Amino acid sequence: MIKAENVVKLFHSRGTTVRAVDGVSTEVERGEVVVVIGPSGSGKSTFLRCINGLEVFSEGHITIDGVDLADKKTNINKVRMEVGMVFQQFNLFPHKTVLENLTLAQRRVRKRSKKVAEEKAMELLHKVGIPEKAGEYPSRLSGGQQQRVAIARALAMEPKVMLFDEPTSALDPEMVGEVLDVMKQLAREGMTMVVVTHEMGFAREVADRVLFMDEGKIVEVGTPEHFFTEPREERTKLFLKQVL
Amino acid sequence: MNGTEKIWPWKILLAVILIVMAAGIWGSVRQIDYKWRWYRVPQYFFYLAEDAQKIPFDGTVSKIAKDGETAKVRLVSESSEIVTLVVETESLKVSEGEELFEDDTVGFISEWRLGPLMKGLWTTLWLSAIASVFALILGLIAGLAKVSKNYTLRGLAMVYVECIRGTPLLVQIFIAYFFLGTVFDLSRNVCGIGALALFGGAYVAEIFRAGIQAIPPGQTEAARSLGMTMPQTMMDIILPQAFKKILPPLSGQFISLIKDSSLVSVIAITDLTKSGREIITSTFATFEVWLVVAAMYLVVTSLLSQVVFYMERRLAVSD
Ligand SMILES: Nc1ncnc2c1ncn2[C@@H]1O[C@H](COP(=O)(O)OP(=O)(O)OP(=O)(O)O)[C@@H](O)[C@H]1O
Ligand SMILES: [Mg+2]
């Protein structure tokens, strides 16, 4: 489903060059749930953002469902329709109601009628458990509710892959559960997911595979069991000791 | 300030200061022996015009039909041409059977007309309105160019904004009229509106740029990650939010534009300011007219501020 080959992302700022992603290769199968962990600044977000073209990578190839992102002829907006993304800061559109947040891209990008888009939106709001908030503006919702709306907004485009960048890091602890529950349900339904998170419980429960990144590289790959029982690399052990 | 502090002593102080200042001005004016003629001012807002109705040929009054306020006067020429004039009964100058020569006055018709101050105000308003619309469009385009990724677009916008903001509007109006107007054969109204629009546009561009950049990048990323194109993202996500943020500085800019429009009077456009000057040349009521003109600008700008205030409140529903 997703295939990354030797992806490098350089940032040039004030005369220095940062290798945010430094030769990452991995493959994500259809229906697979991959959790990416790693210390701050290790390039997890940058790699994730390369997958839906929010960052243009400097070297290497990423193909999504056979479409090569590095190819100049690729229409990035077509790719993004198939790749949903959920952000740490939710990034809901504050000037639109919850319902409008969910219908806007369906109508503009998928060219759905208002009626069809709204039906889809309500179905997804039921799924994430807040249909009663359809008419509210995002600022009236709790963090957990906002993030669930953001997930529903991405799902409304019926993507083949969902990317999550620390979806629970900005939430009060009591709201983390409700968001993780929605994500677990998605995983059970067979959604292909790449999740950057520090929630080890989530990783253990739903991840098929865990990637540990440090300094722009994938340091260690394995099942959750592998990570919790017999991590190989010293850096992995050190990191896990801090987060567990 | 804490809530329990009393505000009325400060209100009284404010009133006292204003009264003292007014009294000071009043006193100074009395010393220079200026003759106030306020009674002359109203006619420059509205006046009663008396139009003489004249017979267009040599002939006789064949019939006068009085109908209350007005009277219909039927005139017959020597070659049996018939013309009927309507005049006010009181102003009737002829009687039935009277013989008249061409251009003799039969009577008058009076009618309320807009005086020069009102006409000037109207000119100022439509001039400013058109210039504002163009300034908004220009400013939006230049503002978008300023935040664009394309170097050439950014450069063009920068040159435009810097040139306009670095030169006085008065000089720009002169250039628009005496240089561009001559070269491209433009009317003075086009030059005046054009100069005002270009001037306002440069400031509006900066306002738009700041407004767009004040929207968190996460908004663009969220929209783009849903597959929306950059133009769609601008139209649906960025500009509506930016517009709400920039409404106060934007309205301030348009209020400035109304005031700045007084400068077009230098290229002989009869706006409110020019009307004021023309009235003064014929009446010498200098103080009264300038005070009235200032008050008229003040009324217009205050009304506009009020409108914006209500718009802001309505747009605040999603906060
Ligand atoms: N837009 C940018 N310009 C310059 N440098 C950047 C930019 N974005 C990220 N970086 C740098 O790239 C490196 C990787 O950043 P990234 O955000 O991908 O890390 P991360 O693993 O997601 O960290 P965190 O856990 O803090 O979110 C960091 O050194 C960061 O400073
Ligand atoms: Mg990150």
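If you're wondering where the values come from, they're calculated on a predicted model, not measured in any experiment.
- For the pair A:N91 (side chain) and B:Q219 (backbone), a donor-acceptor distance under 3.5 Å is absent.
- With a 4.5 angstrom heavy-atom cutoff, A:F87 touches chain B only via side-chain atoms.
- Note that CG of B:L226 and CD of A:Q106 are 10.0 Å apart. Values are rounded to the nearest 0.5 Å.
- Using a 4.5 Å cut-off between heavy atoms, A:R49 contacts chain B through its side chain alone, with no backbone atom that close.
- Taking every heavy atom of both residues into account, B:D236 and A:K96 meet most closely at O-CE, 3.7 Å.
- Proximity of a side-chain donor or acceptor of A:H95 to a complementary backbone N or O of B:I238 within less than 3.5 Å is not detected.
- Shown here is B:M230, whose CE atom has more than 12 heavy atoms of other residues, nucleotides or ligands within 6.0 Å.
- For A:L92, the part lying under 4.5 angstrom from a heavy atom of chain B is the backbone only.
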Step by step, work out the side chain to side chain contact (heavy atoms under 4.5 Å, CB included) result for A:N77 and B:M228.
CA-CA 7 Å; A:N77 294 319; B:M228 291 171 69; over 6 Å; no

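- A:F93 approaches B:A222 most closely through the heavy-atom pair CE2-CB, 4.0 Å.
- If you measure heavy-atom distances from B:Q232 to chain A, the contacts under 4.5 Å come from the side chain alone.
- The shortest distance between side-chain heavy atoms of A:L104 and B:I237 falls below 4.5 Å.
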